[in-house]
Asks: 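Structure below; questions to follow.
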Amino acid sequence: MATKNQSLGEFIIENQSDFQYSSGELSRLINSIRLAAKMVNHEVNKAGLVDITGSAGEINTQGEDQQKLDVFANDTFIRTLTNRQIVCGIASEENDDFITIEGERKDHGNKYVVAMDPLDGSSNIDVNVSVGTIFSIYRRVTPVGTPVQLEDFLQPGNMQVAAGYIIYGTSTMLVYTTGNGVNGFTLNPSLGTYYLSHPNMTFPEDGSIYSVNEGNYVHFPQGVKDYIKYCQQEEGDRPYTSRYIGSLVSDIHRNMIKGGIYMYPKSSKSVDGKLRLLYECNPMAFIAEQAGGLASDGYQRIMDLKPNELHQRVPFFCGSKNMVRKAEEFMSKYPR
Ligand SMILES: O=P(O)(O)OC[C@H]1O[C@](O)(COP(=O)(O)O)[C@@H](O)[C@@H]1O
Ligand SMILES: [Mg+2]
Ligand SMILES: [Mg+2]
């Protein structure tokens with residue numbers, strides 16, 4: 001039973017039956033993420049000071065200008081996950097190909113792969129707006145003790161064993177699920193400990209917030225345009241409020257607490273949308289569904305999609321159940 005304000009360490013031990021595999025493995029996974037998040041949080045809080053802001057002068061595989069904090073967060077998470085001897089492979093937004101982690105002691109054989117977005121909302125780093133980290137964890141499908149393969153990463157989202165995000169905002173929170181509900185832990189910076197501040201987080205079935213980059217409106221499919229118009233109509237509990245931070249983690253976190261829908265549709269500019277299936281959409285979909293919300297590409301459940309590439313992009317509709325259903329209803333009126 002989740003008790004408010006218990007520490008993350010206590011929570012993992014008390015809820016070990018929540019994790020379908022041995023608890024020791026889960027705590028090693030979450031502890032490496034907890035530790036890396038503290039180090040990244042420390043740097044994020046210095047954003048604005050010369051040494052940690054601005055471009056790192058590299059372009060990542062997605063053609064994006066890598067920020068110094070993207071690189072710092074990437075290196076930090078890779079290092080802590082590797083040192084904990086629990087993962088056999090890592091896929092990251094900032095690395096073209098997946099990283100193979102050699103297991104030292106064959107007896108426990110590293111069994112997990114992690115897909116991650118080390119720093120989400122990069123365009124907000126230098127303007128003091130909240131950013132995040134997103135992670136998705138799978139059990140490998142290839143034999144333990146053998147080099148990890150691409151197929152270990154290209155599993156549908158419904159095979160995730162755990163997923164979550166860290167939000168570096170007014171406070172720093174770690175929010176995750178292992179398939180038994182969603183719990184949020186807030187970092188007490190002076191003690192360096194995360195405490196259960198948001199037990200059993202749930203998406204209200206209905207909400208009054210819609211989050212989409214309306215700057216792309218003219219490029220959106222007609223179904224999305226119709227749904228946005230519906231949100232803006234003076235009728236019943238509408239118009240809804242438009243809120244868009246431009247950090248996926250922060251927009252979904254707010255909507256999960258208050259009720260709302262986040263959309264990053266495809267458009268004539270980006271035919272598959274912008275967000276990446278493996279380390280943005282699947283983990284946020286797992287969280288959303290475990291909190292009673294929904295996540296789709298406008299037509300199909302995100303977590304049933306079979307990935308075919310590490311950095312594959314998909315349209316994304318995520319949030320309060322009735323709002324996602326309504327958006328899908330508008331989408332279904334037009335050919336896919
Ligand atoms: O500026 P746009 O096109 O609205 O895109 C914003 C979206 O892109 C992202 O920044 C993509 O994530 P990264 O910052 O990790 O690349 C999301 O966090 C956000 O929701
Ligand atoms: Mg991102
Ligand atoms: Mg990123």
Side-chain angles (χ1 to χ4, degrees), residues 33 36-37 40 43-44 47 53-56 58-78 90-96 114-136 163-169 175 209-220 224 228 242-256 260-285 287-288 295 297 302 310-319:
I33 289 166
V40 172
E43 293 303 307
V44 167
T53 46
S55 167
E58 300 284 331
I59 301 291
N60 70 15
T61 179
Q62 345 251 333
E64 293 163 342
D65 177 18
Q66 275 185 328
Q67 303 298 297
K68 285 181 185 166
L69 255 173
D70 283 322
V71 176
F72 176 84
N74 196 41
D75 295 348
T76 305
F77 277 93
I78 290 171
I90 300 172
S92 166
E93 177 193 1
E94 303 307 332
N95 295 76
D96 300 6
V114 174
M116 66 176 188
D117 177 354
L119 210 285
D120 177 62
S122 308
S123 62
N124 282 326
I125 296 170
D126 295 351
V127 290
N128 217 337
V129 171
S130 67
V131 293
T133 292
I134 312 174
F135 61 91
S136 167
Y165 59 83
I166 296 106
I167 179 166
Y168 311 100
V175 175
I209 295 172
Y210 70 100
S211 310
V212 64
N213 184 340
E214 293 188 64
N216 298 329
Y217 181 86
V218 292
H219 302 290
F220 285 154
V224 174
I228 292 174
S242 172
R243 287 280 182 279
Y244 190 70
I245 295 169
S247 294
L248 170 69
V249 162
S250 314
D251 278 311
I252 293 208
H253 184 76
R254 180 214 39 248
N255 290 355
M256 181 156 61
I261 184 173
Y262 169 96
M263 300 178 280
Y264 207 107
K266 69 177 191 177
S267 72
S268 50
K269 289 194 303 181
S270 44
V271 288
D272 296 318
K274 176 182 183 177
L275 301 180
R276 284 54 60 116
L277 178 58
L278 254 65
Y279 42 78
E280 289 174 318
C281 302
N282 269 335
M284 298 313 279
I287 290 277
D297 64 0
I302 284 287
L310 279 185
H311 303 288
Q312 176 182 346
R313 300 173 194 262
V314 290
F316 194 50
F317 297 74
C318 180

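As the structure lists them, so they are numbered: ligands from 1, and atoms in each ligand from 1.
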Asks: Is the closest side-chain donor-acceptor distance between S136 and N282 under 3.5 Å?
Replies: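 The criterion, which ignores hydrogens and geometry beyond distance, is not satisfied for N282 and S136.
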Asks: Judging by distance only, is a nitrogen or oxygen of G121 under 3.5 angstrom from one on ligand 1?
Replies: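 Min N/O separation from ligand 1 is below 3.5 Å for G121.
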Asks: Which N/O/S atom belongs to D120 and is the closest one to the Mg ion (ligand 2)?
Replies: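 The nearest such atom is OD1.
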Asks: Using a 4.0 Å heavy-atom threshold (strictly under), name the region of R276 that reaches ligand 1: side chain, backbone, both or neither.
Replies: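 For R276, the contact with ligand 1 is made by the side chain alone.
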Asks: Output the distance between atom CD1 (I134) and atom CG (L119), rounded to the nearest 0.5 Å.
Replies: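 Spacing of CD1 (I134) from CG (L119) equals 10.0 Å.
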Asks: In Å and rounded to the nearest 0.5 Å, what is the OG to CD1 distance from S123 to I245?
Replies: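 Here the rounded value is 11.0 Å.
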Asks: Can you find an N/O atom of D117 closer than 3.5 Å to an N/O atom of ligand 1?
Replies: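 Yes, D117 has an N/O under 3.5 Å of an N/O on ligand 1.
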Asks: If the contact criterion is a heavy-atom separation under 4.0 Å, does N216 count as touching ligand 1?
Replies: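 Per 4.0 Å heavy-atom rule, N216 does not contact ligand 1.
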Asks: Within a distance under 4.0 Å of any heavy atom of S122, pick out the atoms of ligand 1 and give their elements.
Replies: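 In order of number, 14 (O).
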Asks: Nearest 0.5 Å, what's the CG-CE distance between D251 and M263?
Replies: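 These two atoms lie 11.0 Å from each other.
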Asks: What are the atoms of ligand 1, with element, lying closer than 4.0 Å to any heavy atom of E280?
Replies: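 Taking each heavy atom of E280 in turn, ligand 1 has 11 (C), 12 (O), 13 (P), 15 (O) under 4.0 Å.
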Asks: Tell me: protein heavy atom nearest atom 4 (O) of ligand 1, and distance?
Replies: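 That would be Y244 OH, 2.6 Å.
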Asks: Side chain or backbone of L248 under 4.0 Å from ligand 1, or both, or neither, by non-hydrogen atoms?
Replies: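 Both the backbone and the side chain of L248 come within reach of ligand 1.
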Asks: Going by atom types alone, do S122 and E64 pair a side-chain donor with an acceptor below 3.5 Å?
Replies: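 No, E64 and S122 have no side-chain donor paired with an acceptor closer than 3.5 Å.
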Asks: Taking distance alone, with no angle check, do Y264 and ligand 1 share an N/O pair under 3.5 Å?
Replies: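 So ligand 1 has an N or O lying under 3.5 Å from an N or O of Y264.
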Asks: Working to the nearest 0.5 angstrom, can you tell me the gap between S55 OG and D70 CG?
Replies: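 One gets 9.5 Å once the value is rounded to the nearest 0.5 Å.
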Asks: Under a 3.5 Å distance rule, please check whether S211 uses its side chain to pair with a backbone N or O of R243 as donor and acceptor.
Replies: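 Pair found, side chain donor or acceptor close to backbone of R243.
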Asks: Using distance alone, decide if ligand 1 has a nitrogen or oxygen within less than 3.5 Å of any nitrogen or oxygen in N213.
Replies: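 Yes, since at least one N or O of N213 sits under 3.5 Å from an N or O of ligand 1.
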Asks: Report the part of Y262 in contact with ligand 1, treating N, CA, C, O as backbone and CB onward as side chain, heavy atoms under 4.0 Å; options are side chain, backbone, both, neither.
Replies: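 Side chain only; the backbone of Y262 stays clear of ligand 1.
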Asks: Return yes if some donor-acceptor pair links the side-chain N/O of D120 with the main-chain N/O of L248 below 3.5 Å, else return no.
Replies: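 Side chain of D120 to backbone of L248, a donor-acceptor pair under 3.5 Å: yes, one is there.
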Asks: Roughly how far apart are M284 CE and Y262 OH, rounded to 0.5 Å?
Replies: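 The CE atom of M284 sits 9.5 Å away from the OH atom of Y262.
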Asks: Any non-hydrogen side-chain atom of I33 less than 4.5 Å from a side-chain atom of I166?
Replies: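 I33 reaches I166 side chain to side chain.
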Asks: How about S270 and R313: do any of their side-chain heavy atoms sit closer than 4.5 Å?
Replies: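 Counting from C-beta outward, S270 and R313 never come under 4.5 Å.
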Asks: Mark the output for G246 as yes if a heavy-atom distance to ligand 1 is under 4.0 Å, and as no if none is.
Replies: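 Yes, that is the case, since the closest heavy atom of the residue is under 4.0 Å from the ligand.
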Asks: Report whether any nitrogen, oxygen or sulfur of L119 sits less than 2.8 Å from the Mg ion (ligand 3) (N, O or S, backbone or side chain).
Replies: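 Yes, since at least one N, O or S atom of L119 sits under 2.8 Å from the Mg ion (ligand 3).
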Asks: Just heavy atoms, cut-off under 4.0 Å: does L119 contact ligand 1 by side chain, backbone, both, or neither?
Replies: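 Looking at L119 and ligand 1, just backbone atoms fall under 4.0 Å.
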Asks: Taking only heavy atoms of S247 into account, list the atoms of ligand 1 that are under 4.0 Å away from them.
Replies: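 That gives atoms 18 (O), 20 (O) of ligand 1.
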Asks: What's the shortest distance from atom 1 (O) of ligand 1 to any protein heavy atom, and which residue and atom give it?
Replies: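 The answer is K274 NZ, 3.9 Å.
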Asks: Please report, to 10°, the angle around the Mg ion (ligand 2) from atom OE2 (E280) across to atom OD2 (D117).
Replies: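 For OE2 of E280 and OD2 of D117, the angle centred on the Mg ion (ligand 2) reads 100°.
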Asks: Please answer whether the main-chain N or O of R276 pairs with a side-chain N or O of H311 as donor and acceptor at a distance below 3.5 Å.
Replies: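 Answer holds: no.
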Asks: Using a 4.0 Å cut-off to any heavy atom of E93, which atoms of ligand 1 qualify?
Replies: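 Those qualifying, in numeric order: 13 (P), 15 (O), 16 (O).
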Asks: N/O/S atom of E93 under 2.8 Å from the Mg ion (ligand 3), yes or no?
Replies: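 Of the N, O and S atoms in E93, at least one lies under 2.8 Å from the Mg ion (ligand 3), which means yes.
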